[in-house]
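Per chain, numbering begins at 1; letters A, B, ... match sequence-line order. From a predicted model like this one, the values you see are computed outputs, not experimental measurements.
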There are 4 protein chains.
Amino acid sequence: MSADPAIAPGAGGEESGDGRVLRARALRDARRNQLLQAARRVFAERGYLGASINAIQAEAGVSRATFYLYFDAKLACFAEVLAGFVERLRAAIAPVDIRAATPPREQLVSNLVRVLGILEEDADLTRMLLQQARGTDPEIDLALDDLDRGVLALIVGSLTTGRRLGLVRVDERDIGLHASFVLGALKEAASQTFLAAPGRGAPRDHEEIASALLDFTLRGVLRDPTQLGEPG
Amino acid sequence: MSADPAIAPGAGGEESGDGRVLRARALRDARRNQLLQAARRVFAERGYLGASINAIQAEAGVSRATFYLYFDAKLACFAEVLAGFVERLRAAIAPVDIRAATPPREQLVSNLVRVLGILEEDADLTRMLLQQARGTDPEIDLALDDLDRGVLALIVGSLTTGRRLGLVRVDERDIGLHASFVLGALKEAASQTFLAAPGRGAPRDHEEIASALLDFTLRGVLRDPTQLGEPG
Amino acid sequence: MSADPAIAPGAGGEESGDGRVLRARALRDARRNQLLQAARRVFAERGYLGASINAIQAEAGVSRATFYLYFDAKLACFAEVLAGFVERLRAAIAPVDIRAATPPREQLVSNLVRVLGILEEDADLTRMLLQQARGTDPEIDLALDDLDRGVLALIVGSLTTGRRLGLVRVDERDIGLHASFVLGALKEAASQTFLAAPGRGAPRDHEEIASALLDFTLRGVLRDPTQLGEPG
Amino acid sequence: MSADPAIAPGAGGEESGDGRVLRARALRDARRNQLLQAARRVFAERGYLGASINAIQAEAGVSRATFYLYFDAKLACFAEVLAGFVERLRAAIAPVDIRAATPPREQLVSNLVRVLGILEEDADLTRMLLQQARGTDPEIDLALDDLDRGVLALIVGSLTTGRRLGLVRVDERDIGLHASFVLGALKEAASQTFLAAPGRGAPRDHEEIASALLDFTLRGVLRDPTQLGEPG
DNA sequence: GATGAATGAGTGTTCATTCAT
DNA sequence: TATGAATGAACACTCATTCAT
C-alpha cells in the first residue's frame, strides 16, 4: 500500500501483525486483571463459598460466560487471587543480612513495615485470609499452610541464628512454639489494626506497630525480667 | 378438659400433668441438645456456608422440618452453637486475684491451661472459630468481636495493673497493641498446636504451652534485653 | 376420645397411623409414577441428552426441585425408565417348552406377539431404545447390551436345540451370526412397522408380522432352497 | 486494484490471479475437509448432542469461529458428515444385473462385502448411524429414512424380480415386511460384528458374513423347510 | 411435636453462536 | 480468511425454608 521499499508490505504486514497481537494481548491482560480485581473484591467481601460467579462477573461488568474465558473454574480464580497476594507478601520479606550496614533490627522493622503496608492495602483480602480462607478446598488450604510454613520457617531461622549467637534464650525445642507466638502476634496486630471496627484506639503508624511488635517479641512486657520468678 | 371428677386436676392429676409437662420439656431439651451437638459437628467440619441443614438433621437423626421446630433459621442455630462455645471459654477464664494465695503467674497459667483444654477438646470448632467464622453475618461477627474484646480487656487490665505495680515496661498508649500481640500469640499457638497437620514437632503439654506463652509474653525471646539497641 | 374399649386410643391410634402411612406411601408412589411417566415421554421424544430435567418436571406438573426428591439424578431416572421397559420385555418372553401341548411354533409366535405388543404400546420409547439410547453412559450401554445379550442367548439356545434335534442346518460356528440376523430382523420389523412414517404399506397385524418373521427366519425367502447353488 | 501496467492483468497477472484463486479454493477445500474429518471423528465418538463445536474445532486445529466460516451451524455440519457417509454407502451398492456374466448371488455378495467394508472402516460413525443418529432433527431423520428407503427399495426390487422368476415364495403383500427383515439382519450383523465389545465369537471375514447373511435370507435356518408345519 | 413433601431461588458450568478486527 | 472475545440461554443439581398432615 506504500511504495516506500523500506516499509515493504511484508515487513509492514508483520509489524502490523505484531502490533495487533500485542494490542490484543494487552486487552486480554486488562480484562483478566479487571476480572481478578473484581474477584478479589468479591472473595474478600463474602469469602470463597459466599462469593458467586454471578457477583464476580457483575462486579467486573462482563457477562457470565466471559468469566470462564479467563478462568477454568471458581477455584482456579480464587487460587490465582491468593497466589498474587502471597507473592506480594513473599516479595516484601527480605532476608536479614547480618553483615549489612543497616543493623538487623532495622532490617526486620523494614520487612514488617512492608508487610503491614501490603496487609493494609488489601485489608479486605487480608481479613478473609486471616479469618475465612481455610476449609474451602484442600489445595487452597495447602497454599495457605505453605505461606504460614514459609513465614514460620523464616522466624525459626532467625531464632536459631539468634540462639547460635547467644542472643536468644529460648530452648531449642521451644523454638517452633515461639515462632508461632511471633506469627500470631503479627497476625492479630494486623487484624486489630486494619480490620476491626474503627475507633478502637488511635490508628497507629506502621513503623510504630512494627517497632512495638519487634520490641514485644524480643523483650516481652516486663521491665525487669529477672523478677519473673519462673520455674527454672 | 373433662368435668369427670375421677380425672379432675386432683393430686394425682396434677402430678401426672406436671410430670407430662416436665417430661415434655426434658424431651424437648434433649432433642434441642441433640440438634445442637449435630450442628456443632457439621459446622465445625464444613464451615457455615458449607454446612447444610440436610447434613445437620441427618447427623441428628431427625427429620428435615424438625430442625425448624427448634431453630428459627440456619443462622440462629449457628449463633447458638457459637454462643455456647464462647460461653465455655468465658467461664474458663478466672480473673486474676493479686491478693490470692496462688501467685498471679500460676493463676494465669491455670487460665491458659483451661482455655487450651477447651480449644483442644473442640478442635474442629476451634478451627472454624479461628479461621472461618467471620464474614458470615454481622451479628456473628459482633459476637466474635465481643469475645475478642473481652479477652483483650482482660489482658489490657493485667498489663495496666502490672504497669501500676511497676512491673510492666510497656508505654500506656501501647498497651492495647501489646494486648493484641498476646492474644495473637495465643490464637496462633492454638492453631499450630491443635489444628495444623500433625507431626509438626512433638505434641506439647498444655502446661508447657501455657508456660512458654506466658514466658514469651513477659520476657520476649532475648537472653539479655539490654543488648537490644532499641531506639530509646 | 371414645369410651369404647374396643377401639381404644392405642389401637385406634395405631390403625390411624398405619392408614396415614399407607396413604402417604400411595401418594408418594403416585407422584413417583407421575414423574416416571413424564420422564418416559420426554426421554422417548428427545433422547437422553436432549431431555432436560426442566422438561420432565414441567411435563409432570411439579416444581423443579421435586424431581430430585424422587430420583438421585437424571441418569438414575433414565435407568429406571429403561429398567421398567426391559423388565416388561423380559416378562413377555416365555421359554419355549417342547413337551407342552401347544406346538413350539405357536409358542414362539405368542412370544413375538407379546413383544410386538409391548413395543407398539411404547412406540416412542422403543424408537429411542432402538435408535438413540447408546453412547450416553457406560452403565446404560451395559444395560442395553445385557438386554441384547439376553435375547441373543435365547435365540442361540433355540438354534442349538434345533440343531441337536436335526432341524436346524446352520453350522455351529455360525449360530451366533444367525442369532444376530434373527434379532436384527425383529428389530427392524418393529422399527419399520411401528416407528416409521405411516402409510408405508398396510398396517399389519402383530400375529401376521410374528408369523412372517418366524417364517422368514426358518425358511428364508426361497421357494425351493435346493436350487440355491450355494458354495458347498 | 492498481492501474500500473507493470502489474496489469496481463498474462502473468492473469495466471497469478487464477493461481491465487485456485490456490485459495484448494486451501478452502482442504480446510473444509479438515473440519469435516474432525467433525466425523467427534460426532462418531460422542453423538450429535454430546459433540461440541469446541471439540470439533480443537480436533481440526482451527480457531473457534473458523468453524462457522465453513458451516452454517452445528446441524448443517452433522448433516454433511452424514450425507458423505450415506453417499459412500450408496456408491458401494451396485444394482444386480441378471444378464451379467457373474451370477446374481456373487453380485449380491460383492455388494454386501463392499458395504461391510465401509461400515467397518468407519465403525464409529456406523455405531452412531445405527444407534444414535435419529431424533436429532427432522431433516436428519428424513435423510436417514431416505437411506433406509433406498436400500429397502433395492431389496424389494430383488424380491419382486425373484418372485416373477418363480424363485421367491414370499407373498406379494409380505414383500415389504421381508425386505425389512433382510435390512434388519444386515444392520444387526454389522452392529454385533463391528461395534459390540470384542471377544464375542471369532472375528469373521466379510465374505463369510455376507455369504451367511445371504444364505440366511434365502434359506432361513431349517434343514428341511417341508417339516415346517406352517399354517397354509 | 414431628415429618414428608414441596418449591423458588440459586449454584457453578457449558453451549452454540456472533462480531469486531 | 481467520480468530479471539464475548454472551444469552441453558444445563444438572442443591439450598434453606414452608406447610399440610
task = Please report the closest heavy-atom contact between D:Glu80 and D:Phe71, naming both atoms and the distance.
result = OE1-CE2, 3.7 Å

query = OP1, OP2 of F:dC11 versus side-chain N and O of C:Asn54: anything below 4.0 Å?
reply = yes

request  = Please report the closest heavy-atom contact between B:Ile56 and B:Ala38, naming both atoms and the distance.
outcome  = O-CB, 3.6 Å

ask   = Between E:dA5 and C:Arg28, is there an OP1 or OP2 to side-chain N/O distance shorter than 4.0 Å?
value = yes

key: First of D:Ala51 and C:Arg31 reached from the 5' end of DNA chain E, by closest nucleotide   = C:Arg31

Electrostatic pair A:Arg127:A:Asp124 at N-O distance under 4.0 angstrom = yes

request  = Answer yes or no: is there a donor N or O on one side and an acceptor on the other, between the side chain of B:Ser52 and the main chain of B:Ala55, under 3.5 Å?
outcome  = yes

query = Whole-Å distance between F:dA12 P and C:Gln57 CD?
reply = 11 Å

inquiry  = Using heavy-atom distances to pick each residue's nearest nucleotide on DNA chain E, tell me which of D:Asp72 and B:Tyr70 is more 5'.
reply    = B:Tyr70

remark   = Comparing D:Leu27 with C:Gly50, nearest DNA chain F nucleotide closer to 5' gives the residue D:Leu27

message = Could you write out DNA chain F as dot-bracket? Rules: Watson-Crick or G-U wobble, both distances under 3.5 Å, brackets [ ] for crossings, | for pairs with another strand, dot for unpaired.
response = .||||||||||||||||||||

query = When you check the phosphate oxygens OP1 and OP2 of F:dG4, does a side-chain N or O of A:Arg25 lie under 4.0 Å from one of them?
reply = no

key: Distance in angstrom units between A:Arg32 CZ and F:dG4 C1', rounded   = 15 Å

ask   = So which of residues 59-69 of chain D are in contact with DNA chain E, with a heavy-atom cut-off of under 4.0 Å?
value = D:Arg64, D:Ala65, D:Tyr68

task = Going by the side-chain hydrogen bond (donor to acceptor under 3.5 Å, both in side chains) test, name the single residue among C:Arg40, C:Gln34, C:Arg41 that passes it with C:Gln37.
result = C:Arg40

inquiry  = Does B:Ala24 reach a base, just sugar-phosphate, or nothing at all? Heavy atoms under 4.0 Å.
reply    = nothing

ask   = Just how far, in rounded Å, is P of E:dA6 from CD1 of B:Ile53?
value = 20 Å

task = Would you name the heavy atoms of D:Gly50 and C:Leu49 that are closest together and state the gap between them?
result = N-CD1, 3.6 Å

request  = For the pair A:Tyr48 and A:Phe78, name the ring-plane relationship: parallel under 30°, tilted 30 to 60°, perpendicular over 60°.
outcome  = tilted

query = Just how far, in rounded Å, is C1' of E:dT17 from CZ of D:Phe71?
reply = 16 Å

ask   = Just how far, in rounded Å, is C1' of E:dA6 from CG of C:Leu35?
value = 12 Å

message = Just the rounded figure in Å: distance from P of E:dG1 to CD of B:Gln34.
response = 16 Å

query = Is there side-chain contact between B:Phe67 and B:Val62, with heavy atoms separated by less than 4.5 Å?
reply = no

ask   = Just wondering, do C:Phe85 and C:Val81 contact through their side chains at under 4.5 Å, heavy atoms?
value = no

key: Length of the CG-P vector between B:Leu75 and F:dA16, whole Å   = 12 Å

ask   = Roughly how many Å is it from CG in C:Leu49 to P in E:dT14, rounded to a whole number?
value = 15 Å

key: Sub-4.5 Å side-chain heavy-atom contact between A:Ile53 and A:Tyr68   = yes

